[in-house]
Every structure is written in C-alpha cells, then in structure tokens.
Protein chains: 2
Amino acid sequence: MDDHAEGDLLFLTDEQLRRGIEAMFFAYRAFTQDPDRILAERGYGRAHHRALHFIGRFPGTTVGQLLTTLGVTKQSLNRVLRTLMADDLVSARVGERDRRERRLALTPEGEALEAALSDAQRARMRQAYLQAGPEAVAGFRRVLEAMMDPEMRRRYQDGQR
Amino acid sequence: MDDHAEGDLLFLTDEQLRRGIEAMFFAYRAFTQDPDRILAERGYGRAHHRALHFIGRFPGTTVGQLLTTLGVTKQSLNRVLRTLMADDLVSARVGERDRRERRLALTPEGEALEAALSDAQRARMRQAYLQAGPEAVAGFRRVLEAMMDPEMRRRYQDGQR
DNA sequence: TTGGTCCGTCAACGACGCTGACCTATGCTG
DNA sequence: CAGCATAGGTCAGCGTCGTTGACGGACCAA
C-alpha cells in the first residue's frame with residue numbers, strides 16, 4: 001500500500017542487502033585480479049602489493065605504522081618485507097630521531113613495479129567510474145566509508161590529505 | 001581555469017581513483033571481519049562461508065555450477081565441501097535427470113550457520129546503507145557492477161531474479 | 001562401444017594469515 | 001646508571017585456501 005512512499009526503506013530489505021553483499025564479493029574479485037596476474041609473474045602475492053602500495057603512499061613510514069595500516073602480524077609483514085628488500089624493491093634506513101625505527105621507502109625498481117600494479121588497478125577503476133558516472137562514484141565511496149570501523153575510517157582518511 | 005566546468009572529469013583523476021582503491025581495500029576488510037569471527041569459532045574459513053552462501057542461494061545447485069560461480073578449482077572447492085558434508089551442514093543427492101550431478105543443499109544445521117553469518121554481514125551492510133542513504137547505495141552498486149568482468153556480471157545478475 | 005562430461009581424490013606446493021617465544025638495539029625514566 | 005618499555009627481527013609450527021598434474025569411476029549420448 002505505502003510501497004512507493006517518499007523516503008521509504010525499501011533499500012534496506014534483506015534482498016537489497018544481499019545484492020550488495022554479492023556485489024562486493026564479485027567486484028572485489030575483479031578488483032584484485034589484474035594486479036594478481038602481474039604479481040604472479042614475479043612470484044609475489046597480494047600481500048606484496050599491499051606493502052608496496054602503502055610504502056609508496058607514505059615514504060618514510062615505519063614498520064609499526066605499516067603493521068597497523070595493514071592489520072596483520074609482525075611475522076606476516078616481515079616475511080613480505082624481507083623478500084621485497086632482498087629483491088631491492090624496498091629500502092630501509094634507520095630513523096633519525098629514533099634509531100630503533102626503520103624508515104621504509106620504494107627503490108626505483110620498487111616504484112616501477114608499484115606503478116605497474118597501480119596502473120592495472122586504476123585502469124579498471126577508471127572504466128568503472130566512467131561507466132557509472134560521478135554521482136554513482138560519490139555514493140560508492142560513501143557506502144564503503146560507512147562500512148568501515150571508526151578506527152579504520154580514520155586511517156583511511158589519513159591518506160586523503 | 002576550467003576546473004569547475006559542468007560535467008568535467010575531475011572524478012577520474014588518479015587521486016580520486018586512488019581513494020576508490022583504498023576504500024575498496026579497507027571496506028572489504030570490514031565486510032569480511034564479522035563473519036570471519038563466527039567462522040573462526042567453528043574452525044572454518046571464508047571459503048566455507050562462500051560455499052554456504054551460494055548453496056543457500058541456489059538450493060539444488062551442482063558442484064560444477066558452484067565451481068564457476070566461486071571461480072576456484074575443483075580441488076579447492078572439494079576440500080571445503082568435504083568438511084561441510086562431514087559436519088552435516090551440506091547435503092548432496094544424485095541428480096534426477098543426470099545422475100552424474102550432485103545436487104547440493106543446506107541441511108537445517110547448515111541453514112542455521114548460514115543465517116548466523118548472513119545476519120552478521122547484513123547488519124554491517126544495513127548500517128552502512130542507512131548511514132549513506134538510498135542514492136549512495138544505488139551509486140555503490142552501479143560502480144561495483146561496472147567493475148566486474150562481463151561474464152562475472154552475468155553470473156551476478158543471474159542471482160537478481 | 002566409445003568418447004566426453006561430472007565428480008572425487010591423491011600428492012605436492014606456495015602464499016599468507018596466525019600464535020608463542022625469544023632476541024637485539026635503542027629510548028626513556030627514575 | 002639501572003631498569004623497563006618500545007621498535008624491530010626471527011625461529012618454529014600451524015592452518016586455510018589457492019594452485020597444477022594426474023588418475024579413476026560413474027554416467028550420458030551418439
């Protein structure tokens with residue numbers, strides 16, 4: 001009867017929520033598959049991509065900061081960082097103020113790989129944005145942000161400056 | 001100079017794309033963490049959740065259909081299905097028309113677990129939808145769909161009927 | 001009967017999470 | 001300076017979940 005009332009909550013039905021859940025599942029697969037292919041060629045995985053991404057975003061970041069950003073354990077991250085440093089994609093220099101810290105950065109080779117991964121992922125994102133339009137993009141980001149936990153959202157927004 | 005022209009492409013800058021990429025990363029983590037907690041209690045992982053979800057969505061689905069929906073190998077899926085059937089969460093009966101097929105379905109216990117997982121995930125989704133509003137939700141889904149490969153999108157939309 | 005399909009399984013491997021424990025180097029504070 | 005806290009590295013071990021390769025059985029269809 002009042003199905004078509006202005007401002008009704010039809011977008012909150014279990015059916016609509018299910019569609020959103022499945023959309024997240026399928027879209028995330030698409031989102032990762034292009035970089036995954038590049039990574040596989042070099043024997044790396046998604047964890048390497050994430051590390052490269054955030055080190056590239058925040059050059060001079062410390063291991064500890066990366067740990068909380070990525071939300072993994074020290075051991076997991078260390079395994080990845082070790083291979084990236086051995087392959088000379090990431091450099092670490094001792095912190096100036098605090099010599100316990102390791103300030104991480106991408107080497108030129110690291111930047112090259114990061115750029116390749118980033119380009120692949122951005123290309124898909126760009127075509128999706130273009131296809132959906134600016135208003136859809138604004139909504140897309142609003143929902144994703146609302147989905148995050150408050151502390152996660154804070155870390156996410158720290159990168160928006 | 002023409003920065004603020006109507007219909008400009010400012011939403012397609014690398015910076016905007018980067019924000020979308022990071023939003024996907026953080027949001028997906030949030031998206032999975034509630035069910036992950038429930039699964040961990042029972043010694044299951046995400047793969048079990050995905051199988052339960054799609055078997056629940058399409059009762060009577062075959063192993064082969066599930067394989068293409070989930071996009072994993074037979075061996076990966078079989079390992080998961082074996083434990084789910086051993087734990088009596090999923091049932092398989094021989095197909096009527098084609099006796100090579102196994103028609104999968106959730107047992108009552110399987111439905112109970114699927115409901116628990118689904119409830120947790122929907123709760124987060126619901127609050128995100130509510131917080132972002134119906135227009136944002138429409139945009140959210142439009143962008144996610146545009147991100148999928150055509151065949152993936154077809155499979156996704158097969159579940160929208 | 002033959003060839004293809006659907007499914008299950010053995011073996012092996014790799015990426016990537018985890019816990020627990022222990023180590024060094026360094027900073028800070030009393 | 002002594003002692004504790006912090007940043008980081010590492011060893012050992014485990015589990016999930018993805019992969020390839022190979023093979024076998026049941027079944028369908030020509």
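Chain letters run A, B, ... following the sequence lines, proteins first, then strands; residues in each count from 1.
Distance alone, capped at 3.5 Å, places no donor-acceptor pair between the B:T62 side chain and the B:R102 backbone. No side-chain donor-acceptor contact under 3.5 Å links B:R93 to the backbone of B:R103. Under a 3.5 Å cut-off, the side chain of B:R124 and the backbone N or O of A:M147 do form a donor-acceptor pair. Under a 3.5 Å cut-off, the side chain of A:Q121 and the backbone N or O of A:D34 do not form any donor-acceptor pair. At least one donor-acceptor pair closer than 3.5 Å links the side chain of A:D98 to the backbone N or O of A:R100.
A heavy atom lying under 4.0 Å from DNA chain D marks the following residues of residues 24-49 of chain B, by number: B:G43, B:G45, B:R46, B:A47, B:H48. Contacts of residues 70-77 of chain A with DNA chain C (heavy atom under 4.0 Å): A:G71, A:V72, A:T73, A:Q75, A:S76.
Using a 4.0 Å heavy-atom distance criterion, B:R50 is classed as a sugar-phosphate-only contact. Within 4.0 Å (heavy atoms only), A:R79 reaches at least one base atom of the nucleic acid.
Counting to the nearest Å, the P atom of C:dC23 and the CG atom of A:N78 are 18 Å from each other. At whole-Å resolution of the value, CD in A:E101 and P in D:dG9 are 11 Å apart. The interatomic distance linking B:L67 (CG) with C:dT5 (P) rounds to 15 Å, in whole Å. Atom CG of B:L81 is separated from atom P of D:dT16 by 15 Å (rounded to the nearest Å).
The nearest pair of heavy atoms linking B:L70 to B:F54 is CD2-CD1, 3.6 Å.
Counted by atom type alone, A:R155 and A:T68 present zero donor-acceptor pairs between their side chains at under 3.5 Å.
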Check: protein-nucleotides 28-30 of chain D nitrogen or oxygen pairs below 3.5 Å:
{"from": "D:dC28", "atom 1": "OP1", "to": "B:R99", "atom 2": "N", "distance (Å)": "3.1"}

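Relative ring orientation between A:Y156 and B:F26 is described as perpendicular, the plane-to-plane angle rising above 60° on a 0-90° scale split at 30° and 60°.
Salt bridge annotation for B:R37-B:E41: absent, with no cationic side-chain nitrogen under 4.0 angstrom from a carboxylate oxygen. Taking a cutoff of 4.0 Å between a charged side-chain nitrogen and a carboxylate oxygen, A:R18 and A:D14 do not qualify as a salt bridge. A salt bridge does not link B:R29 to B:D36: none of the charged nitrogens lies less than 4.0 Å from a carboxylate oxygen.
When the side-chain nitrogen and oxygen atoms of A:R102 are compared with OP1 and OP2 of D:dA7, none of them lie within a distance under 4.0 Å.
Checking D:dC17, D:dC11, C:dC7 against every side-chain atom of B:V80, the shortest atom distance belongs to D:dC17.
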